[in-house]
2 protein chains.
Amino acid sequence: MSDVYKALADETRRAILDELVRRDEQTLFELVNRLISAHGLSSSRQAVSQHLAVLEDAGLVRVERRGRYRIHHLDTGPLRAITERWPVALGDPSNTPNAHRKEKT
Amino acid sequence: MSDVYKALADETRRAILDELVRRDEQTLFELVNRLISAHGLSSSRQAVSQHLAVLEDAGLVRVERRGRYRIHHLDTGPLRAITERWPVALGDPSNTPNAHRKEKT
DNA sequence: TTGACATGCAAGTAAACGCTTGCATATCGT
DNA sequence: ACGATATGCAAGCGTTTACTTGCATGTCAA
């Protein structure tokens, strides 16, 4: 499994995740159309396909074949690695476990 | 302010954040030494300096001048944008507000 | 002031990235 | 079977990125 952080580094890929949050289980074509019509992006089918490959490699998107369609469904699980690595970033500002740690060296 | 996601895309920059979580308020030299001795990275001073510029630009690191030193201190605030954008990624697996949203279009 | 220390700045380079182009494969409806 | 639909694969290209190199600036201690 590849790098979750690198997968998030591209705005088009983030828009794809947004779109899958809005409606899960979309095909490549549906995603391309939505990116263009609702996200102001002009992404070709091949571009989106490659982005989906990156997202899939990062574990953020799971793919299921249905006939000639590829259904993409969101898996936000890997994102948890980010909040666990720097625990401060939780929604509640008062909940910042490691914000005032003392040094060790 | 630049892209938080792109700032996180590099492993060395993530190690810098880790290091600042362990001990906040470090200088460039301290960070370079720690990255080498404790994180298994061989980063030059200039490389780390440029990484810090990226992190600063993303709002993840604040800088304070103290005489001839530059003290770097961590600000995890911008990371909250990630958890707010895809709210599923909170620490608690049962807390997944948007995981089963219905479609709109 | 002088030398050592800590950092700043900018040009150059190799690799990675995002995208396009062109063609191939596979599935459905008729 | 046949055309249309939906996706797969891979080479090529321009841009960005991370890094190095070389020198400049600024601060401290003596």
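Keep in mind it's a predicted model, so treat the numbers as computed, not measured. Labels below follow one simple rule: chain letters A, B, ... track the order of the sequence lines, proteins then strands, and each chain is numbered from 1. Note: hydrogens, waters and symmetry copies are ignored here, and every other heavy atom, side chains too, is used.
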Novice: What's the CZ-P distance between A/Arg70 and C/dT27, to the nearest Å?
Specialist: 13 Å

Novice: Give A/Ser43 one of three labels, base, sugar-phosphate or nothing, depending on what nucleic acid heavy atoms sit under 4.0 Å from its own.
Specialist: nothing

Novice: Give me the residues of residues 46-57 of chain A where at least one heavy atom lies under 4.0 Å from an atom of DNA chain C, by number, or none.
Specialist: A/Gln46, A/Ala47, A/Gln50, A/His51

Novice: Yes or no on salt bridge (Lys or Arg N to Asp or Glu O under 4.0 Å) for A/Arg66 and A/Glu64, after CA distance, side-chain angles and deciding distance?
Specialist: CA-CA 6 Å; A/Arg66 283 187 201 162; A/Glu64 176 195 352; 3.2 Å; yes

Novice: Under a plain distance cut-off of 3.5 Å, with no hydrogens placed, do B/His73 and B/Arg62 share a side-chain donor-acceptor pair?
Specialist: no

Novice: Could you say whether B/Ile71 or A/Ser42 is positioned toward the 5' end of DNA chain C, judged by the nucleotide with the nearest heavy atom to each?
Specialist: B/Ile71

Novice: Please list, chain by chain and in numerical order, all residues satisfying side chain to side chain donor-acceptor pair (under 3.5 Å) with B/Arg65, sequence neighbours excluded.
Specialist: none

Novice: Is there a side-chain contact between A/Asp75 and A/Val61 (heavy atoms, below 4.5 Å)?
Specialist: no

Novice: Measure CZ/A/Phe29 against C1'/D/dG8 and give the value in whole Å, please.
Specialist: 13 Å

Novice: So do B/Thr76 and B/Leu60 actually touch side chain to side chain, heavy atoms under 4.5 Å?
Specialist: no

Novice: Using five pairs at either end of the helix from C/dT1-D/dA30 to C/dT30-D/dA1, determine the angle between the two local helix axes and round it to 10 degrees.
Specialist: 30°

Novice: For the pair B/Arg14 and A/Asp3, find out whether any cationic side-chain nitrogen is under 4.0 Å from an anionic carboxylate oxygen.
Specialist: yes

Novice: Expressed as a whole number of angstroms, how long is the span from B/Leu41:CG to D/dA18:C1'?
Specialist: 13 Å

Novice: Using the test side chain to side chain contact (heavy atoms under 4.5 Å, CB included), find all partners of A/Ser44 that sit at least two apart in sequence or belong to another chain.
Specialist: A/Gln46, A/Ala47

Novice: Would you confirm whether B/Thr27, through its side chain, and B/Glu30, through its main-chain N or O, come within 3.5 Å as a donor-acceptor pair?
Specialist: yes

Novice: Under a 4.5 Å cut-off applied to non-hydrogen side-chain atoms, are A/Tyr5 and A/Arg85 in contact?
Specialist: yes

Novice: Can you find a pair of side-chain heavy atoms, one from B/Leu17 and one from B/Val21, that are under 4.5 Å apart?
Specialist: no

Novice: Under 4.0 Å from OP1 or OP2 of C/dT20: is there any side-chain N or O of A/Ser44 that close?
Specialist: yes

Novice: Rounded to the nearest angstrom, tell me the gap between atom CG in B/Leu28 and atom C1' in C/dC9.
Specialist: 14 Å

Novice: Quick one: which protein N/O atoms are closer than 3.5 Å to N/O atoms of nucleotides 24-30 of chain D? Pair and distance per line, please.
Specialist:
none

Novice: Check each residue of residues 3-17 of chain A for a non-hydrogen atom within less than 4.0 Å of any atom in DNA chain D, then write out the ones that pass by number, or none.
Specialist: none

Novice: So do B/Leu79 and B/Leu8 actually touch side chain to side chain, heavy atoms under 4.5 Å?
Specialist: yes

Novice: Find out whether A/Arg45 and A/Leu28 are in side-chain contact, i.e. whether some heavy atom of one side chain is under 4.5 Å from a heavy atom of the other.
Specialist: yes

Novice: Apply the test side-chain hydrogen bond (donor to acceptor under 3.5 Å, both in side chains) to residues A/His72 and A/Glu25: give CA-CA distance (whole Å), side-chain angles for both, the deciding distance (0.1 Å), then the verdict.
Specialist: CA-CA 5 Å; A/His72 304 270; A/Glu25 315 254 313; over 6 Å; no

Novice: From CD1 of B/Ile36 over to P of D/dC19, roughly how many Å is that when rounded to an integer?
Specialist: 12 Å

